[in-house]
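Residue indices begin at 1 and follow the sequence shown.
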Amino acid sequence: MALGCYDALKERGLRVPEDIAVIGFDNREISESMHPPLSTLVLPHYEMGEIAFELLLDNANGRQAGPGHIKVECPLVERNSVTAPAILDRKAL
């Protein structure tokens, strides 16, 4: 998606990060090879799997399901697709 975003912005004459900041999700390998390299959030796959497993076990044992929303931390990998002022307070992520 971010690669398509880069292409669409380029077609419109906009520059990353000078005109607009772009942040991706999932820290795929291509993120480092993009021009400029894409800042991205890392999905904590292992932690998400653990939580899902615990919820399935609770459900299988007849226990009430957990909260409707579960929040997990997604670390930010800062690269060059954002400028320093464009990066939000990390606590908000």
Pairwise side-chain contact, Leu43 with Cys74, heavy-atom cut-off 4.5 Å (strictly under):
yes
In Å and rounded to the nearest 0.5 Å, what is the CG to CD1 distance from Leu41 to Ile23?
6.0 Å
Atom pair CZ/CE of Arg28 and Met1 - distance to nearest 0.5 Å
12.0 Å
Check whether any side-chain heavy atom of Asn59 sits under 4.5 Å from a side-chain heavy atom of Glu54, and report yes or no.
no
When you group the ILVMFWY residues by side-chain heavy-atom contacts below 4.5 Å and let the links chain together, are Phe25 and Leu76 in the same group?
yes
Grouping I, L, V, M, F, W and Y whenever their side-chain heavy atoms are under 4.5 Å apart, do Met34 and Leu14 come out in a common cluster?
yes
Might you confirm whether atom NE2 of His35 has over 12 heavy atoms from other residues, nucleotides or ligands at distances under 6.0 Å?
no
So, the side chain of Asn61 versus the backbone of Leu57: is there a donor-acceptor pair under 3.5 Å, distance only?
yes
Are Leu38 and Ile20 connected in a single hydrophobic cluster, I mean Ile/Leu/Val/Met/Phe/Trp/Tyr linked by side-chain heavy atoms less than 4.5 Å apart?
yes
Look only at the side chain of Tyr6 and the backbone of Pro36, and say whether a donor-acceptor pair between them is shorter than 3.5 Å.
yes
From the list Leu9, Leu3, Thr40, Val82, side chain to side chain contact (heavy atoms under 4.5 Å, CB included) with Val22 holds only for Leu9
What about Ile70 and Phe53, same hydrophobic cluster or not, with Ile/Leu/Val/Met/Phe/Trp/Tyr joined at side-chain heavy-atom distances under 4.5 Å?
no
Given Val16, which partner from the list Ser39, Ser81, Cys5 fulfils the side chain to side chain contact (heavy atoms under 4.5 Å, CB included) test?
Ser81
